[in-house]
Amino acid sequence: MSDIDEPSGADRAPDEPASPRRSEISRRALVFGGVAVGGLAALGGGALVYREIRRSAAPEGTWVKLSPIVPVPESTPRAASPAFEAPGLETTVAVWAHADDDIIFANPHLAGLIASGATLRTIFVTAGDAGRGLAYAQQREAGIRAAYDEMRGSTEPWQTTELNLLSGARVTRFVPSDDPRLSITVLRLPDGNLSGKGFPTTGEAGLTQLINGLVPVLSPIDDGPTLDTRRLSETVAELIHAGRPEHVTTNIPHESAFARGDHPDHSCVGSLVRAVAPVAGVAPEAVTYYIGYPSRHEPVNVEGEELDAKVDVYATYAAQDPVVTCDTAAACLAQPGFGQWLRRSYGKTEDQLRLT
C-alpha cells in the first residue's frame, strides 16, 4: 500500500480525534529487526525531502486505463503445486498488492480471522519496494510478520522457504514455526508507483505496464524468473488454488467505481484476482474486495477498542518501515490518508462493486 511517496506525520483531520488508549508502542515493536521507529537516518536525503513535500496531503493514485486481464488460465491447476498447504478451518486466501494493504484496509476483519482460529494464507504480489531495492522490501516483510505476531499473540520465529511453482515463478514463503495455519507468500514484483509508471530503478515498469502490454515481462526485484501476463495469471491462480480456500479477500478491482483514486497496483491485483478466482475454483460470491485509498470518503466505521487494536497492529508494522513510521497512536492516526483509512474498512462483494 505505502510507497516512498506515501508520507507519515501531519496534522490529522479536524473531525477525527486521536485514539486515547495507546501512548506508545512496545519496545519490542520499536526495535524488532533492528529498525528504530524514528530512524530518519535510514532514509536518504532525497527521500526525506520528498516525504516532507508530501506531509500535508493524503496519497492519491493516478487513474490509468487498464486492459482486461488476459490471458486467463483455461482450467484449474491439475497437478499438486509445490505451494500446496494443508486445508484448515475456514480457510481464507488473501491476495494484496503491498505488504500493509491487509492491515490497513481489511482490519479488523483480518485480526478477527486469526483470533477465531481460522486458516489464513496471505499473498503479496508486489514488493512494495518504492524503487528502493530488496533491502527495503525485506524491511516491509519483517514489519508485516511482526504485525501478524501482534495479532496472533506470539513472537516465535518464522520459517522461510523458496518455492518453484508449476507456473515457472519463484516465490518466498514465511510460516510461523508455532502456527502453520498462517502463511505469507511474496512474489516481489516491482512496485508500480502512485503514478502507475513504476520507478527508474526498476525500469519504470510495474503491473500496469505489463497488463497494458507496454512491457513484455516483469522481473522480480529478487532476481527470480521473469513473469509475462500468462505466467502472472497462472501464478496467482496456482497460489489461490493451492490454499484450497472457502473465501478470498483482495484489493478493489479497477473495473469498480470504488477504484477511482486508488493505487494503480491495488486496482491491478483486484482485477487479476477477480479474473482468475473462478479458474482456481473460487465462486464470485466467495470473494470480498476491500476499498483502498477512496475508503477515506466513506463514513467512519472502526472505532473504540477495535480502532485501538487496529492502530497497535499498524504501528507494529510501521516500526519496520523507515518511510512510513509512527511511534504513538496519535501519530499513526495523524498521518495524512493513513489516519482516515485506519478508521475505516469497507469490504465489497461482487454484486456491490458498482462496475463501470
Side-chain angles (χ1 to χ4, degrees), residues 61-79 81-83 93-98 101 123-129 131 137 163-172 185-193 195-199 202-243 248 250-256 259 262-282 284 287 289 353 355-356:
T62 301
W63 180 254
V64 182
K65 185 177 180 180
L66 191 69
S67 298
I69 304 297
V70 291
V72 174
E74 296 179 359
S75 60
T76 301
R78 295 180 180 178
S81 170
V93 169
V95 188
W96 307 102
H98 313 108
D101 288 350
I123 300 160
F124 295 115
V125 176
T126 84
D129 54 285
L163 303 172
N164 295 304
L165 304 185
L166 299 176
S167 68
R170 187 185 75 202
V171 299
T172 300
T185 302
V186 295
L187 278 66
R188 291 176 176 161
L189 294 179
D191 192 324
N193 205 344
S195 65
K197 297 180 180 179
F199 291 87
T202 47
E204 297 182 328
L207 291 172
T208 301
Q209 285 74 31
L210 181 67
I211 293 170
N212 283 346
L214 301 177
V215 297
V217 297
L218 287 183
S219 299
I221 67 166
D222 62 358
D223 298 322
T226 60
L227 276 70
D228 60 13
T229 52
R230 179 178 296 278
R231 180 173 284 177
L232 175 61
S233 293
E234 290 177 349
T235 296
V236 174
E238 181 178 345
L239 288 171
I240 293 173
H241 184 255
V248 168
T250 189
N251 302 102
I252 209 81
H254 185 275
E255 51 271 28
S256 168
D262 206 355
H263 195 298
D265 285 351
H266 297 175
S267 299
C268 289
V269 169
S271 293
L272 182 63
V273 172
R274 184 167 181 261
V276 307
V279 179
V282 179
V287 184
Y289 304 89
L353 286 178
L355 300 175
T356 59

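Since the structure is predicted, the reported quantities are computational estimates derived from the model, not experimental observations.
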side-chain contact (heavy atoms from CB on, under 4.5 Å) assessment of Asp191 paired with Phe199:
CA-CA 8 Å; Asp191 192 324; Phe199 291 87; 3.9 Å; yes
Does Leu189 form a side-chain contact (heavy atoms from CB on, under 4.5 Å) with Leu232? I'd like the steps, not just the answer.
CA-CA 10 Å; Leu189 294 179; Leu232 175 61; 3.8 Å; yes
Passes side-chain hydrogen bond (donor to acceptor under 3.5 Å, both in side chains), Glu255 versus Thr356? Steps please.
CA-CA 6 Å; Glu255 51 271 28; Thr356 59; over 6 Å; no
Given Ser81 and Leu165, is the side-chain contact (heavy atoms from CB on, under 4.5 Å) satisfied, shown in steps?
CA-CA 6 Å; Ser81 170; Leu165 304 185; 4.2 Å; yes
Determine whether Asn212 and Ser67 satisfy the following criterion, side-chain hydrogen bond (donor to acceptor under 3.5 Å, both in side chains), listing intermediate values before the conclusion.
CA-CA 5 Å; Asn212 283 346; Ser67 298; 3.1 Å; yes
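Listed here is the closest heavy atom pair of Asp223 and Arg170: C-NH2, 3.8 Å. Between Ala137 and Ile221, the shortest heavy-atom contact is CB-CD1, 3.8 Å. Between Leu163 and Ala83, the closest heavy-atom pair is CD1-CA, 4.0 Å. Heavy atoms only, all atoms of each residue included: Gly61 and Pro264 are closest at CA-CD, 4.2 Å. For the pair Leu353 and Ser256, the tightest heavy-atom approach, listed with the atom from each and the gap, is O-OG, 2.5 Å. Residues Leu355 and Arg274 approach most closely at CD1-NH2, 3.3 Å, considering heavy atoms.
You'll find the side chain of Ser267 stays beyond 4.5 Å of the side chain of Asn251, heavy atoms only. A heavy-atom distance below 4.5 Å is not found between the side chains of Val171 and Val186. Contact of the Val70 side chain with the Thr229 side chain is not registered, since no non-hydrogen atoms from C-beta on lie closer than 4.5 Å. Residues Pro82 and Asn164 have side chains not in contact (no heavy-atom distance under 4.5 Å, counting atoms from C-beta outward). With contacts defined as side-chain heavy-atom distances shorter than 4.5 Å, the pair Pro190/Leu218 qualifies.
Here the CD1-CH2 distance, from Ile123 to Trp96, works out to 11.5 Å after rounding to the nearest 0.5 Å. Expressed to the nearest 0.5 Å, how far CG of Leu187 lies from CG of Leu239 amounts to 6.0 Å. The CD atom of Glu234 sits 9.0 Å away from the CD atom of Glu74 when rounded to the nearest 0.5 Å. In this structure, Glu204 CD and Asn193 CG are separated by 9.5 Å, a value rounded to the nearest 0.5 Å. Interatomic distance, NE2 of His266 versus OG1 of Thr250, reported as 10.0 Å (0.5 Å rounding). In this structure, Ile211 CD1 and Leu66 CG are separated by 5.0 Å, a value rounded to the nearest 0.5 Å.
Relative orientation of the His98 and His263 rings is perpendicular, given thresholds of 30° and 60° on the angle between their planes.
Looking at Asp129 and Arg188, no side-chain N of the basic residue comes within less than 4.0 Å of a carboxylate O on the acidic one, giving no salt bridge.
Formation of a donor-acceptor pair under 3.5 Å by the Thr76 side chain with backbone atoms of Val279 is found in this model. Side-chain atoms of Asp265 come within 3.5 Å of backbone atoms of Gly192 as a donor-acceptor pair (strictly under, hydrogens ignored).
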